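Step one of this worksheet: look at the structure below.
Proteins get letters first, then strands, A, B, ... in listed order; numbering begins at 1 in each. Everything numeric here is computed off the predicted structure, so don't read it as measured data.
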Protein chains: 2
Amino acid sequence: MARKTGSHSEITGPRVREAALTLFARHGFAAVSMRQIAREVGVQAGALYLYTKDKQSLLFDLMRTHMDELLAAWADEPKGQNALEALEAFSRFHIRFHLERPDAVFIAYMELRNLTDENFAAIEALRRQYEGELESILRAGQEAGELDISDIRLSSMAIIAMLTGVNTWYREGGRLSREAVADRYWDMVRGAVGA
Amino acid sequence: MARKTGSHSEITGPRVREAALTLFARHGFAAVSMRQIAREVGVQAGALYLYTKDKQSLLFDLMRTHMDELLAAWADEPKGQNALEALEAFSRFHIRFHLERPDAVFIAYMELRNLTDENFAAIEALRRQYEGELESILRAGQEAGELDISDIRLSSMAIIAMLTGVNTWYREGGRLSREAVADRYWDMVRGAVGA
DNA sequence: TTGGTAACTGAACAATCGTTCATATCCAAG
DNA sequence: CTTGGATATGAACGATTGTTCAGTTACCAA
């Protein structure tokens, strides 16, 4: 047996990435076999290689796509009139974007060590670029006297860690809505930068 | 051939755990084989089973030991005279303790999904206990009017995520000493709780 | 109706996995 | 000097791993 009905290439490709995303997030890259992914898609393991060069490329594609989308989405986001408004925009954007794709976020943070050196460098560069966006806001706010920050790099890392941490405990349908969570985190971020 | 010289049990046991700790942190639990651990220790794979029931128990032991040490160390820590001082003590303690054992921290956060359900529940309970320590401080501070917090659980998670984040970027011999880092993070924590 | 090709199967490859076990060696105690 | 337990080897187990590939099918265009 082979192809059952119709042209499947444009359907199977995305389904492979979806299955890999879910399974990698749930069990970890190293613990998931190509056969498990294939079973999830409803296909034999060999067919996966029509859509990815190898397992490593599958992981890298997921991570690079995630980072590209992150940077593109932030670029499209309205930044407000000053540094404080930009920081609020960043905080709310970060929480919203990350809560919308918990699996991709999980993978992007947990599977860095399973990338080859070359692929790791590429993802790391994108991450630094995103961190740079926040650093720019903090620097502008400091120069304008809007914020009180003793170390920009350090504050940037602290804020990102705090905001990303939402993903570890937030559950849909829980006690607080996403907006309520974002409100409270923005309060804390503002306090942390002395504004 | 078997044992070369002397009694090794009290030496090999810890060495197995050390090797597992390092390798699990570097490559991930699922990506490390028992043979790799054995090679690091300088022993054949079969000998590992004199010191651990199986691979899963090895992981669980590392994580439970880490959590036990964390809780014991915090219990021994001076807490100050009021909630604000206790929060400062907690912040500085958390950074110090975590920076001293980056491998164990990494494993405790990354390998939860590789635990059996039973083992996961045990580790999770210890983690909740630690989070409860911080929540108690925040609640006391709120009741005493020392702190301005809108949601204790949420603030607790935010603070812990922020503090633990230090481990992702701090490098020994870098721009800032541990004390300088702790000073700045304490400033941010204090701002985040409105004090 | 035919031919070509995209999509897929199913078997096969060598390598590696966690774990067990019979065997060997060493040390301390009787 | 003998014995027994602790410590380790090294081979073996079946299962599974990522990946390749020759063959098979289903569809579309001519």
Enter the distance from A/Thr65:OG1 to A/Arg17:CZ here, rounded to the nearest 0.5 Å. 7.5 Å

Below the 4.0 Å mark, does [N] have OP1 or OP2 next to a side-chain nitrogen or oxygen of [X]?
| X | N | value |
| --- | --- | --- |
| A/Ser33 | D/dT17 | yes |
| A/Thr12 | C/dA7 | no |
| A/Tyr51 | C/dA7 | no |

Any residue meeting salt bridge (Lys or Arg N to Asp or Glu O under 4.0 Å) with B/Asp148, in chain and number order, not counting sequence neighbours: none

Not counting sequence neighbours, which residues clear salt bridge (Lys or Arg N to Asp or Glu O under 4.0 Å) with B/Arg39? List them please. none

Could you list all the ring pair (Phe, Tyr, Trp, His ring centres under 6.0 Å) pairs where at least one residue sits in residues 15-42 of chain A, not counting sequence neighbours? A/Phe24-A/Phe29

Residues that [X] engages under side chain to side chain contact (heavy atoms under 4.5 Å, CB included), provided they are two or more places apart:
| X | value |
| --- | --- |
| A/Ala180 | A/Leu176, A/Ser177, A/Arg184 |
| A/Thr22 | A/Arg26, A/Asp103 |
| A/Glu146 | A/Asn82, A/Ala83, A/Leu84, A/Ala144 |

Quick one, which residues of residues 34-50 of chain A touch DNA chain D with a heavy atom under 4.0 Å? A/Met34, A/Arg35, A/Gly46, A/Tyr49

Near DNA chain D, under 4.0 Å by heavy atom, which residues of residues 52-60 of chain A? A/Asp54, A/Lys55

DNA chain C contacts among residues 21-29 of chain A, heavy-atom distance under 4.0 Å: none

Please identify each residue that fulfils ring-ring contact (aromatic ring centres under 6.0 Å, His included) with [X], with sequence neighbours left out.
| X | value |
| --- | --- |
| A/Tyr49 | none |
| B/Trp186 | none |
| A/Tyr170 | none |

